[in-house]
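First the structure, in the form of structure tokens, and then the observations on it.
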Amino acid sequence: MWKSGTLVLLLLWLASGELQQETEPRRLPPPGKLNFGYVPAGVYETLAHYEPGPIGILFHMVHAFLYAVQPNAFPHDLIVKLAKDKFGAIQTEYQKPENIVLTLQAIYYEIGFLVCAAVGLLFTILMPIAGLFFCMCRCCDNCGGEMHQRQRKNADCRRGLLGTLLFSTSLVITIGVLCAYAANQNLSSQVKNVRRLVNSNMRDLHTFANDTQMQIDYLISQYATAKNKVIYDLDNIGPLLGGRIHDQLDKEVRPALDQVLNMAGAMRETKEALESVNASLEVLQDGTGKLSLNLGQVRTTINRTLNDPGCHDEDSDATTAQLCRNIRQSLSQLQISSNFTRLPDVNAQLEKMNDVLKTDLSAVVQRGFSSLNDTPHMVIEQTRSVVETRIGPLSVTNLVDSIGNNISSFSKALPVQSCLSNFTIFVNHVHARIEDYYPEIDKMDFYRWIGCIALCCMVVLVLAFNYLGLLCGTLGYDKHASPTTRGCISNTGGTMLMAGVGFSFLFSWVLMGVVTIIFLAGGNMEKLVCEPFHTKELFKVVDTPYMINPEWKNFIPGYMYNDSELELTTESLYSTCKKNRGIYSAMRLDKVFNISSYLNTTVFTKDVVSQLDSLKIDLRSIILLEAEGRQNLLDFSEAGLSEINYADYLEEVNKGVTVVDLLSFARELEAQTDLMPKSPLQSALKGHVGTLRQIHRQQIVPMEQSMKYVRARSALNQSMRFLERTASDLPNKILAVLDAIKAAQFLISQNATHLINRESRKYTATIIGYFHQYIEWVKTSLAMEVAPCKPFSNVVDTAEIMACSFVVDSMNTFWMGLGCSTLLLLPSIILAVKLAKYYRRMDTEDVYDDIPTYDTMNRFPRASAPPRHIDW
């Protein structure tokens, strides 16, 4: 029944499918991460953990005692050898050396238990014999049976000491009985929890069965996530594949088009610079022309003045004549320095540039950019026949749909629901069988409880006599009374103590026999089953190769799958389920059920790859720069910019306005005039000084400070420098730009196939990556989340809790408490017998005759019967 039930568990996994994927011949880049959500999981309510509470202290004490009795390591090899021989060889051929060795090893391991058992056995045998001899001895007035007590000086001290020791011993015995009673009650109360634990485990098994189908359906339904993502990427093949191709081409093409754009900007700037040169020349030529005319008139007027007879007549002063000569010689400085009128205009170059700019090169380049940016749309149009559904059954979207249809049809073809129903029936049957045993369990526990209570009551009866004896003896004690005159209460106390001794002899050997039997059973269960279970040594014994069946290396796969070489052990199964992993990974179904033959996604993805590899993308229709643009660049190189004499322009711009500073010249002329005698000549020259100052104020200063002239000079300087830079090696620059455009166009037209194929492979790999993500998610979910087998490990843990924590620990605590109490009955007997002498009324006592005081060394006591009183 168990095997059929487990097979039902395994069959339900066929619905989920292994979905194993063969290794792809290509390395897949990581595609976009898909979110498949969380597999819906039920909540298992069983908490397979036991906290004993305060009684756990007693459990730890028992474990410590058992470790002291049996400190040896778990005898793995010994148990394996015994299990393989099934104990038969040792029983039939025990004289063989190897069997003798095994026997000695077993004895060595059990030596602690054997010693304790021997002590218990000796106690059980000798105690009734000792009781018999003790009774016979007392009947002969020996062993304290003589009703005579000698008087001693320390009698009170001895009585107090014996009473204290007996009370302490009884108190310890009481503690032991209470421990045994607590263990007995704990076992009974925990037995009542067995039904709750069993019901909880059965509900978890039902949850396992009920949720499995839902989880399998969820795995299958999540194929839609991968499918929708694939269809989305196919619908957006233009932005995705075309965008990738565009981005790669853009890295190579954009620099060339940017160079052309830069040339278009240089053309506009060149025209503006030429226009600026003409405008600046016009302003500067106008200003310097007027200034030159005025300076020429002043120079002519001064020369005419110097022709005055006062400068060269014989009657004139020599100084005046010399001054006139000096003035005439300095007149050559009275002229303009920068002569812009001699500079030619640039109308010819400007006219050519106007012709060049009639073609809008920027618009031509923008058409090239537009053609390049149209790559995604070209990809959409050229791949439409492969991608779209309406083209035919071999379209990619149809292949994607067919994969999902095959997965759904395969899952429906398997009898998953019937398998789950059979498993549920199996669980219900097991549960019903367990329910049938509950009355028997309750009855057996009741009988066990009665028996344990009876054993405890035996000790309690002895304790009752001890305590009553101590109470009566203590309360009835009269220090003035002689042993023969002790009161009734004191005598009753002694009698009760002797009754307790009698019951001790009657019960102790029975108690020790029961304790010994429970000790041997419970101690070995703890050391050979419970403790190895927690350390997993027990699993290693069960997983020993060829132990259970000589033909099976591993028992579980050999029994379930007829493949004992499969690495599936009890320990690995338990540990995996303990971690709440899926039963798929716990039972290693991936090595047994190969679903790839049913859900061969490799075939489907191969068809998808084949369809996507058939994509043909032609980008030769992309024109980066039309012939009009190329000719425009050539015309720019022939605009005559190199014919301009930039040195002459820059030389004139850098010159001052006049050769000499007019103010300085006027001051010097005035100083020389002041040296002349007053005359018409002097007055005329002073008039010329004023004219020079007026020219400086009205023309020189405006030309040096007026924004009109400053801007004109600055614009002319900047324009000439810009034109000089632009004209520098302009033809070669134009040829370099044309070569770059030619290379980029050649890349698109001739060498783009490699780029397109590379990006197409990446795009295909991304599409296939979604299928791989789904498959890997299914495999991971099967191993980790689908049908987590924690209920099965909980069943094992529950069995361990019930067997070890409930039964073994409780019974071990019971024998420990009862055994300690039984052992302490020995000192209790001795102390009670000795103490009873001080409580019971004696028949005779020591009486001393009157002896002279000088003969105190020779006093002879004489026994005397007690006096008779009418009230006795």
Side-chain angles (χ1 to χ4, degrees), residues 49-70 112-113 116-117 119-120 123-124 169-197 441-464 507-531 533-534 797-825 828:
H49 178 71
Y50 174 66
E51 286 292 341
I55 201 172
I57 300 175
L58 299 179
F59 292 168
H60 289 302
M61 292 174 62
V62 174
H63 295 162
F65 176 76
L66 289 176
Y67 179 78
V69 172
Q70 172 54 283
F113 288 105
C116 292
V119 173
F123 188 98
T124 303
T169 303
S170 300
L171 190 61
V172 175
I173 294 173
T174 303
I175 295 175
V177 172
L178 290 176
C179 291
Y181 177 78
N184 185 44
Q185 291 298 115
N186 178 72
L187 178 55
S188 296
S189 62
Q190 296 303 336
V191 167
K192 297 177 182 177
N193 291 329
V194 169
R195 186 188 299 267
R196 178 184 60 81
L197 282 175
I441 293 174
D442 293 338
K443 184 185 297 184
M444 292 174 60
D445 180 66
F446 176 74
Y447 291 150
R448 178 207 57 78
W449 183 84
I450 290 295
C452 292
I453 290 296
L455 294 173
C456 291
C457 287
M458 293 179 183
V459 182
V460 170
L461 182 61
V462 175
L463 289 174
F507 297 150
S508 59
W509 67 277
V510 177
L511 294 173
M512 184 55 69
V514 174
V515 166
T516 302
I517 294 173
I518 300 176
F519 164 74
L520 288 175
N524 280 285
M525 278 289 294
E526 174 65 29
K527 299 299 291 186
L528 294 177
V529 177
C530 298
E531 187 176 305
F533 178 84
H534 291 289
D797 290 337
T798 301
E800 185 273 334
I801 289 173
M802 291 189 292
C804 295
S805 299
F806 291 176
V807 178
V808 175
D809 283 346
S810 297
M811 294 309 297
N812 283 344
T813 304
F814 179 80
W815 65 249
M816 184 187 71
L818 194 62
C820 291
S821 299
T822 304
L823 287 175
L824 289 175
L825 288 178
S828 174

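- Ring geometry for Phe806 versus Tyr50: interplanar angle over 60°, hence perpendicular rather than tilted (30 to 60°).
- Note: Leu823 CG to Ser828 OG = 12.5 Å, rounded to the nearest 0.5 Å.
- With rounding to the nearest 0.5 angstrom, the CG atom of Leu455 is 5.0 Å from the CZ atom of Phe814.
- Separating the CE atom in Met811 from the CZ atom in Arg448 is a distance of 6.0 Å, to the nearest 0.5 Å.
- Using bins of under 30°, 30° to 60° and over 60° for the plane-to-plane angle, the ring pair Trp449/Phe446 lands in the parallel bin.
- Judged by distance alone, the side chains of His63 and Asp809 do bring a donor and an acceptor atom under 3.5 Å apart.
- Phe113 is not listed as a side-chain neighbour of Thr516, based on a closest heavy-atom distance of 4.5 Å or more.
- Heavy-atom contacts from other residues, nucleotides or ligands closer than 6.0 Å to CE of Met61 number 12 or fewer.
- Taken as a pair, Cys804 and Cys530 meet the criterion of an SG-SG distance shorter than 2.5 angstrom.
- In this structure, Met512 and Gly120 approach most closely via the heavy-atom pair CG-O, 3.4 Å.
- For Ile57, the CD1 atom counts as loosely surrounded, since its 6.0 Å shell holds 12 or fewer non-hydrogen atoms of other residues, nucleotides or ligands.
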| message | Please determine whether side-chain contact (heavy atoms from CB on, under 4.5 Å) holds for the pair Leu511 and Val459, giving the CA-CA distance in whole Å, both sets of side-chain angles, and the decisive distance to 0.1 Å. | response | CA-CA 9 Å; Leu511 294 173; Val459 182; 3.3 Å; yes
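- Between His534 and Glu800, the side chains place a donor N or O and an acceptor N or O closer than 3.5 Å (distance only, hydrogens not considered).
- Of all non-hydrogen atoms in Ile801 and His49, the two that sit nearest each other are CD1-N, 3.7 Å.
- Distance check: Ile453 CD1 to Asn184 CG gives 5.0 Å after rounding to the nearest 0.5 Å.
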